[in-house]
Amino acid sequence: MAAPAAAGDLRFLLVGLLLVVVVGSRLVRPPDGGGIPTTLDGPFEPATRAFDRALRQGSDDVPLTDPRLAPRARPPAPEQIALAASSDATSVWVSWVTGEAQVGSHLTPLDPSTVRSEVWYSERPSPTAAAAGDVSGHYPHVARGKAEVYSQLYPYPGLLNYTSGAIHHVRLRGLRPATRYYYRCGDSFVRGGAGLSGELSFETLPSSAAAAYPRRVAVVGDLGLTGNSTSTVEHLARNEPSLVVVVGDMTYANQYRTTGGRGVPCFSCSFPDAPLRESYQPRWDGWGRFMEPLTSRIPMMVIEGNHEIEPQGQGGAVTFASYLARFAVPSEESGSNTKFYYSFNAGGIHFIMLGAYVDYNRTGAQYSWLEKDLRKIDRRVTPWVVAAWHPPWYNSYSSHYQEFECMRQAMEGLLYQHCVDIVFSGHVHAYERMNRVFNYTLDPCGPVYITIGDGGNIEKIDIDHADGPGKCPGPGDNHPEFGGVCHLNFTSGPAKGKFCWEKQPEWSAFRESSFGHGILEVVNSTYALWTWHRNQDAYGEDSVGDQIYIVRQPDKCLLQTTSASSENNCPSEGCPSLVSNSGYGAQKDIIRSGHLIWNASLVISMILISTVFMKGNLCSRF
């Protein structure tokens with residue numbers, strides 16, 4: 001009687017083996033990608049798609065008289081409504097503007113305390129009768145916040161002052177993840193509901209878990225408000241993202257008035273006598289109105305760029321006034337207590353937004369906060385860690401080449417130590433995706449750096465590469481608007497002893513000068529699909545500019561207990577390479593061998609199981 005039991009046990013064990021093999025193969029194999037490459041296939045030979053001369057290199061600013069930039073509501077009703085994520089899925093920020101902004105020489109700011117900041121919300125849409133203003137009977141929840149007003153003031157003749165409408169920020173708490181909410185914002189005490197918005201809705205992000213991810217995350221940078229910018233936003237909206245990340249340089253308000261709506265490559269060259277770069281603040285209001293159909297239903301997360309500096313006052317002593325007033329970000333929730341850098345979770349992704357225009361040195365507050373934030377990450381809950389800031393560390397274009405080398409030397413080792421998976425930046429007005437890299441050396445555990453500063457702004461597309469003939473910047477070029485200069489010559493490889501490569505660098509996998517945006521779709525804890533959409537492909541069927549599966553290798557790239565370093569105290573001739581390229585190819589061979597082993601194991605297990613079950617069936621027949 002023992003034989004049948006033994007056979008049953010064998011069948012049970014083989015079924016278990018099959019399950020292990022299938023699950024394991026799912027962990028190392030990508031979804032059906034239809035031939036889409038993965039980072040396991042890299043490092044890739046550098047490739048450049050030349051700028052299409054049939055396309056315009058830029059376009060003019062959309063004038064403020066355009067209907068898309070007109071107020072969508074009359075005071076006292078809210079306008080420029082925008083959502084932002086909080087630190088987790090149970091909370092959301094709602095922002096809007098009421099009242100009229102003023103432009104002129106002698107202005108009296110509005111009093112924000114005279115209007116309430118309320119958001120009424122529910123999991124069910126309200127009847128149309130609620131439009132009359134009876135919100136308390138239709139929305140069971142209300143959250144209240146505060147409002148502020150900011151001014152942009154110039155002590156120079158001919159430059160116009162500005163004072164904003166009342167800018168409201170309200171945080172909704174206790175929400176359910178992955179749930180649609182219906183809301184109205186404004187002041188319910190205004191008679192007849194005139195102080196409230198119409199009903200809008202949003203869906204909260206999924207809870208933080210290794211199996212829960214936003215459907216799509218849109219990434220865009222250096223957007224502005226030109227004809228190209230509007231094409232980018234329209235294309236992005238059609239991709240139906242769950243979250244939008246803007247990596248700096250939102251409006252280019254600081255160039256609208258002084259350039260007359262036509263971009264110039266060098267402000268100081270074209271306007272050498274200007275005492276201060278004027279920032280025409282009504283441009284911010286127009287941008288908020290244009291973006292409202294998107295931002296009132298999808299959270300948008302921002303980080304400051306150089307065009308948000310907007311100096312004002314004597315000598316430009318006051319900066320970032322509009323950025324700090326207009327956007328709500330989870331700074332307090334993430335422990336940074338400043339809008340210049342913060343973090344948040346979106347399902348199983350932990351986003352870190354860093355500031356390049358505030359102190360980033362190792363002795364500063366931002367570095368200390370970053371260390372603490374990285375230590376708190378639980379990769380079992382948020383397997384993916386994505387960082388974003390405005391200026392790129394890795395960039396093969398002439399524009400901004402090695403501009404923020406000091407920031408890279410200060411922070412790169414910390415991000416590498418904690419296995420950050422992807423880094424998004426803008427600043428360079430073109431697209432570029434890197435091979436995995438650390439300290440200018442190919443490294444299978446380095447992040448995938450992606451430059452996505454091609455949103456469509458007034459300064460036109462960048463087309464010159466630093467490795468092109470006569471295009472290598474000089475030592476006096478590309479000085480940052482904040483921080484020091486740490487330009488270096490390479491100490492190894494084909495560019496040894498030189499400031500620029502003579503061909504596309506090996507760490508640059510693909511680059512193209514076209515306007516567009518990107519979409520990140522995280523599939524599971526191991527695979528994420530990255531797609532770059534060019535504006536000229538907006539109406540093309542299944543047409544993409546660049547696409548790749550980014551693959552995490554947590555079993556190969558372990559969190560380090562000791563700090564990796566990009567060596568901040570480099571000699572004048574440059575920093576040494578810390579990692580050998582040879583390990584990249586060896587590790588890729590190991591992964592490919594693993595795929596073969598899984599496939600072979602799967603086939604053998606299926607044969608064994610079939611044999612056992614067939615024998616069992618034959619015995620039962622006789």
- Give a yes or no answer on whether the side chain of Ser296 reaches the backbone of Ile81 with a donor-acceptor pair at less than 3.5 Å. no

- Item | Distance under 6.0 Å and angle within 45° of ring axis: Arg552 vs Tyr527 | no

- Establish, yes or no, whether a centroid distance under 6.0 Å links the rings of Tyr121 and Tyr182. no

- Message: What I'd like to find out is whether the side chain of Pro127 reaches to under 4.5 Å of the side chain of His138, using heavy atoms alone.
- Response: yes

- Item | Carboxylate-amine/guanidinium proximity below 4.0 Å for Arg176 and Glu123 | yes

- Query: Can you check side chain to side chain donor-acceptor pair (under 3.5 Å) on His106 and Asn161, steps first, answer last?
  - Reply: CA-CA 8 Å; His106 304 286; Asn161 293 328; over 6 Å; no

- Query: Hey, mind stepping through Glu118 and Arg184 against salt bridge (Lys or Arg N to Asp or Glu O under 4.0 Å) and telling me if it holds?
  - Reply: CA-CA 8 Å; Glu118 303 172 334; Arg184 297 180 70 184; over 6 Å; no

- Carboxylate-amine/guanidinium proximity below 4.0 Å for Asp285 and Arg326: yes

- Task: Verify side-chain contact (heavy atoms from CB on, under 4.5 Å) between Ser242 and Ile298, making sure each step is shown before the conclusion.
- Result: CA-CA 6 Å; Ser242 306; Ile298 298 171; 5.9 Å; no

- Message: Just to verify, what does Thr114 make a side chain to side chain contact (heavy atoms under 4.5 Å, CB included) with, not counting sequence neighbours?
- Response: Asp111

- Task: Check the side chains of His390 and Asn306 for a donor-acceptor pair under 3.5 angstrom, ignoring hydrogens and angles.
- Result: yes

- Item | Residue pair Gln152 / Gln312, side-chain donor-acceptor N/O under 3.5 Å | yes

- Query: Which distance, rounded to the nearest 0.5 Å, do you find between the OG of Ser229 and the NE2 of His517?
  - Reply: 13.5 Å

- Tightest non-hydrogen contact, residues Pro177 and Thr204, listed as C-OG1, 3.2 Å

- Using the side-chain contact (heavy atoms from CB on, under 4.5 Å) rule, take Glu292 and Trp96 through it: C-alpha gap first, then chi angles, then the decisive distance, then the call. CA-CA 10 Å; Glu292 182 180 336; Trp96 67 93; over 6 Å; no

- Task: Answer yes if the side chains of His168 and Ser95 hold a donor-acceptor pair under 3.5 Å, and no otherwise.
- Result: no

- State, yes or no, whether a side-chain contact exists between Trp384 and Arg379 at a heavy-atom distance under 4.5 Å. no

- Item | Check: Val420 and Val386 side chains under 4.5 Å, non-hydrogen atoms | no

- Task: Hey, could you give me the OG1/CG distance between Thr232 and Leu225, rounded to the nearest 0.5 Å?
- Result: 11.0 Å

- Item | salt_bridge(Glu512, Arg534) N-O dist < 4.0 Å | yes

- Query: Can you list the residues that meet the ring-ring contact (aromatic ring centres under 6.0 Å, His included) rule with Trp369, with sequence neighbours excluded?
  - Reply: Tyr341

- Item | Residues Tyr150 and Gln281: side-chain donor-acceptor under 3.5 angstrom | yes

- Message: Once you measure the plane-to-plane angle for Trp93 and His169, does it fall in the parallel (<30°), tilted (30-60°) or perpendicular (>60°) bin?
- Response: perpendicular

- Message: Ignoring hydrogens and geometry beyond distance, is a side-chain donor-acceptor pair present between Asn535 and Ser231 at under 3.5 Å?
- Response: no

- Note on the structure: Nearest heavy-atom contact between Pro78 and Gly195 is CD-O, 3.5 Å

- Are Arg68 and Val62 close enough, and set up right, to give a side-chain contact (heavy atoms from CB on, under 4.5 Å), and what steps lead you there? CA-CA 9 Å; Arg68 294 171 294 178; Val62 177; 4.0 Å; yes

- Query: Judged by modelled atom types alone, do Asn337 and Glu332 share a side-chain donor-acceptor pair under 3.5 Å?
  - Reply: no

- Message: Less than 3.5 Å apart, any donor N or O on the side chain of His429 or Asp454 sitting next to an acceptor on the other?
- Response: no

- Task: Output yes when Asp61 and Arg283 qualify as a salt bridge under the 4.0 Å nitrogen-oxygen rule, no when they do not.
- Result: yes

- Query: What closest approach, in Å, do Ile452 and Gly518 show between heavy atoms, and which atom pair accounts for it?
  - Reply: CD1-N, 3.7 Å

- For Ala166, does its backbone N or O pair with a side-chain atom of Glu148 as donor and acceptor, under 3.5 Å? no

- Item | salt bridge (Lys or Arg N to Asp or Glu O under 4.0 Å) contacts touching residues 521-532 (sequence neighbours left out) | Arg216-Glu521

- Do other residues, nucleotides or ligands put more than 12 heavy atoms under 6.0 Å from Lys376 NZ? yes

- Item | Nearest atoms (heavy-atom pairs only) where Tyr357 meets Glu481 | CE2-CB, 4.4 Å

- In this structure, CD1 of Ile550 is separated from CG of Leu520 (nearest 0.5 Å) by 6.5 Å

- Is there a donor in the side chain of His533 and an acceptor in the side chain of Asp546, or the other way round, less than 3.5 Å apart? no

- Item | Sidechain-backbone polar pair: Asp222 side chain, His427 backbone, donor-acceptor under 3.5 Å | yes

- Query: If you measure from CG on Leu175 to OG on Ser86, what distance do you get to the nearest 0.5 Å?
  - Reply: 9.5 Å

- Item | CZ/Arg144: more than 12 non-hydrogen atoms of other groups inside 6.0 Å | yes

- Measure the shortest side-chain to side-chain distance between Asp249 and Glu308 over non-hydrogen atoms and say whether it is less than 4.5 angstrom. yes

- Starting at OG of Ser164, measure out to CD of Gln102 and round the result to the nearest 0.5 Å. 9.5 Å

- Between OG on residue Ser151 and CG on residue Leu107, distance to nearest 0.5 Å: 7.5 Å

- Item | Test item: side-chain donor near acceptor, Glu432 and Thr451, under 3.5 Å | no

- The ring-ring contact (aromatic ring centres under 6.0 Å, His included) partner of Phe340 among Phe320, Tyr360, Phe327, Trp389 is Phe320

- Could you tell me whether Arg72 and Glu79 make a salt bridge, using a distance below 4.0 angstrom between a side-chain N and a carboxylate O? no

- Query: Step by step, would you call Val245 with Val217 a side-chain contact (heavy atoms from CB on, under 4.5 Å)?
  - Reply: CA-CA 7 Å; Val245 175; Val217 178; 4.0 Å; yes

- Query: Thr382 and Asn345: side-chain donor and acceptor closer than 3.5 Å?
  - Reply: no

- Query: So, do Thr163 and Leu110 sit near enough that their side-chain heavy atoms are less than 4.5 Å apart?
  - Reply: no

- Does the side chain of Thr319 come under 3.5 Å of the side chain of Glu310 through a donor N or O and an acceptor N or O? no

- Item | N-O pairing of Arg289 and Asp66 below 4.0 Å | no

- Message: Could you check whether any side-chain heavy atom of Ile303 comes within less than 4.5 Å of a side-chain heavy atom of Leu354, counting everything from C-beta outward?
- Response: no

- Message: Before you tell me yes or no, could you show the steps for Gln547 and Thr531 under side chain to side chain donor-acceptor pair (under 3.5 Å), namely the whole-Å CA-CA distance, both residues' side-chain angles and the distance that decides it to 0.1 Å?
- Response: CA-CA 4 Å; Gln547 193 169 54; Thr531 306; 2.8 Å; yes

- Under a 4.5 Å cut-off applied to non-hydrogen side-chain atoms, are Arg433 and Tyr431 in contact? yes

- Side chains of Glu199 and Ser201: is there a donor and an acceptor less than 3.5 Å apart? no

- Query: Any idea how Phe344 and Phe351 line up, ring-wise: parallel (<30°), tilted (30 to 60°), or perpendicular (>60°)?
  - Reply: parallel

